[in-house]
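Notes follow once the structure below has been shown.
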Amino acid sequence: MKKLGLLLLCSLMTMGAAAQSKHGWRGPQNNGSYPCKELLKEWPAEGPEMVFEVTDAGKGYSSPQVVGDRIYITGMNEDQTQEVFQCYDLTGKKLYATPYGKPWNKTYPEVRTTPTIEGDKAYVISGMGEVVCLNIADGSIVWKVDGAAEYKNKPATWGTAESPLVFDNKVIYNPAGDDTNTVALDKETGKLIWKSATMNSMMGYVTPILIEYKGKRQIVGMNEKYAFGMNPETGAIEWKFEQLISKQAATDPEWENIVPNSALYQDGKIFFSQGYDINSFQLQLADDLKSVTCTWKNEVLDTHHGGYVLVDGVIYGTNWVSNNKGNWCALDWNTGETIYETAWEGKGKGSIITADGMLYCYDERRGTVGLVRPGKTFDVVSEFRIAKGSGPHWAHPTIAAGRLYIRHGEALYAFKLK
């Protein structure tokens, strides 16, 4: 009964006020915060107990999505010509694999889209911009839309890297370009519901979020030029904010503004941070959600692509020193003041999530996973290394039903956190 109660608590806590899918990118609120409780506050020297490891997930940087007694993840097939939607049981046994789309055809083609699960369907977006709906029972494709061709997308250097935002009857895709910025597709058929105006920008690499403020909802996202807020019912652009420009883009017209991180949101305030010296800023929404003002900027935290989390009024993440180097940082949510910037000895920057009052940090350089206590210093309580897999450790961790899931290229691990 106690175990059942904990599972019900986790389930109830994932119900978001904005009524989006609770099985989406970076957790039920798309903010890197996972709701399960009573997790270990310290690990053995060798790390938490491993439940399974598999090495057949295919190359990719996407995260696993855990729903009930199934694990869903995307990867590449062996000859790297197709992106594949895969299902495992909780012991690591692969139940099926379905090719669904084409990987990005240039640099870093590995799969980026984390599946969004809604009801009995999964939604993914390929590196080439195909929006696909699959039946999770057997992996069969329900519908598929070539979003790149249909909506004339304008990809940047690394193609499409967003995960679908799913809410109500809609699947959101951001092709950017000269025709539109964002489209809403019917989640049952793939048919167009609405198409926003263009912002004449290239795509970002950002998964949008759905927020609620003053009884109204809004889609918040970012393309290469602007942060923006959009009416979720009509696609009307309600505000846009010309974001900071990276030093590279400011001095080299061939260099694009690289924007890979989703926003953090709380109580009418929206936070963005992007790498390459774009730095970070917070916006305050107007009561009618039709405009924003910038409340503060910070020049220390400029997260490359590892995300960030908000815990007890503090933002935690990493900054970009170079592509191979970065420090771990904390900022005050209300003022933007830097609380700390510190190196993790022998490691680099990476991705971060939070659960049960602790930070879970995944070093992208050596594959070290750290359990960190929030506070005024970067306090690493326990750590261990991921041994298998290939390529950079860029996949964000996932926590579900008392387990930590870590992906490194073709390798997928599950560890007990209780």
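- Proximity of R403 to F52: side-chain heavy atoms (C-beta onward) are separated by under 4.5 Å at one or more points.
- Judged by distance alone, with hydrogens and angles left aside, the side-chain atoms of R112 form a donor-acceptor pair with the main-chain N or O of T160 at under 3.5 Å.
- Applying the side chain to side chain contact (heavy atoms under 4.5 Å, CB included) criterion to T293, with sequence neighbours excluded, gives Q284.
- If you check the side chains of N327 and E341, you find a donor sitting under 3.5 Å from an acceptor.
- For W296, the ring pair (Phe, Tyr, Trp, His ring centres under 6.0 Å) partners are F271, not counting sequence neighbours.
- Relative ring orientation between Y96 and F85 is described as tilted, the plane-to-plane angle lying within the 30° to 60° band.
- Each of I406, I353, T114, L412 was checked for a side-chain contact (heavy atoms from CB on, under 4.5 Å) with S63, and the lone residue meeting it is T114.
- The list of salt bridge (charged side-chain N to carboxylate O under 4.0 Å, His left out) pairs with a residue in residues 228-244, not counting sequence neighbours, reads K170-E233, R217-E233.
- Taking the six-membered ring where the residue is Trp, Y360 and W43 present tilted rings, their angle falling between 30° and 60°.
- By the 6.0 Å contact criterion, CG on N105 is enclosed, its count of non-hydrogen atoms from other residues, nucleotides or ligands being greater than 12.
- Aromatic ring centres of F384 and F415 lie closer together than 6.0 Å.
- Evaluation of the salt bridge (Lys or Arg N to Asp or Glu O under 4.0 Å) rule for D179 yields K195 as partners, not counting sequence neighbours.
- Applying the salt bridge (Lys or Arg N to Asp or Glu O under 4.0 Å) rule to E224 yields no partners; only residues at least two apart in sequence or on another chain are considered.
- Residue pairs satisfying the salt bridge (charged side-chain N to carboxylate O under 4.0 Å, His left out) criterion with at least one member in residues 137-164, sequence neighbours excluded, are listed as follows: E130-K144.
- Scanning for side chain to side chain contact (heavy atoms under 4.5 Å, CB included) contacts around S351 gives Y362, H396, P397, with sequence neighbours left out.
- Residues T207 and I209 form no side-chain contact, since every pair of their non-hydrogen atoms from C-beta on lies 4.5 Å or further apart.
- Between F241 and the options F281, F228, F272, a ring pair (Phe, Tyr, Trp, His ring centres under 6.0 Å) holds for only F281.
- Taking the side-chain hydrogen bond (donor to acceptor under 3.5 Å, both in side chains) definition, one finds that H304 meets it with Y276, K349, sequence neighbours left out.
- Under a 3.5 Å cut-off, the side chain of S280 and the backbone N or O of L301 do form a donor-acceptor pair.
- Inter-residue side-chain proximity for I278 and D302 is flagged as unmet; no heavy-atom pair is nearer than 4.5 Å.
- The salt bridge (Lys or Arg N to Asp or Glu O under 4.0 Å) check on K347 picks up E383, with sequence neighbours excluded.
- Under the side-chain hydrogen bond (donor to acceptor under 3.5 Å, both in side chains) criterion, S390 pairs with E410, sequence neighbours left out.
- At distances below 3.5 Å, not a single donor-acceptor pair connects side-chain atoms of N319 with backbone N or O atoms of G326.
- Using modelled atom types and a 3.5 Å distance limit, the side chains of N30 and Q20 yield a donor-acceptor pair.
- Between F378 and W328, the ring-plane angle classifies as parallel under the 30° and 60° cut-offs.
- Within 6.0 Å of NZ in K297 there are 12 or fewer heavy atoms belonging to other residues, nucleotides or ligands.
- Checked against side-chain hydrogen bond (donor to acceptor under 3.5 Å, both in side chains), S33 has no partners two or more places apart in sequence or in another chain.
- For K41, the NZ atom is densely surrounded, since the number of other residues' heavy atoms within 6.0 Å is greater than 12.
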- Task: Evaluate the criterion ring pair (Phe, Tyr, Trp, His ring centres under 6.0 Å) for residue pair Y61 and W158; output intermediate values, then yes/no.
- Result: CA-CA 13 Å; Y61 307 126; W158 296 290; over 10 Å; no
- Message: Under the criterion side-chain contact (heavy atoms from CB on, under 4.5 Å), I'd like the reasoning laid out for D312 against W333: C-alpha separation, chi angles, the key distance, then a yes or no.
- Response: CA-CA 9 Å; D312 296 332; W333 171 260; over 6 Å; no
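- Between the side chains of S201 and N181, no donor N or O sits under 3.5 Å from an acceptor N or O.
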Would you tabulate the side-chain donor-acceptor contacts of residues 64-74 under 3.5 Å, counting partners in other chains and residues two or more places apart, or write 'none'?
from	atom 1	to	atom 2	distance (Å)
Q65	NE2	H23	O	3.2
Q65	NE2	G24	O	3.3
Q65	NE2	P115	O	2.8
T74	OG1	S62	OG	2.7
T74	OG1	T113	O	2.7

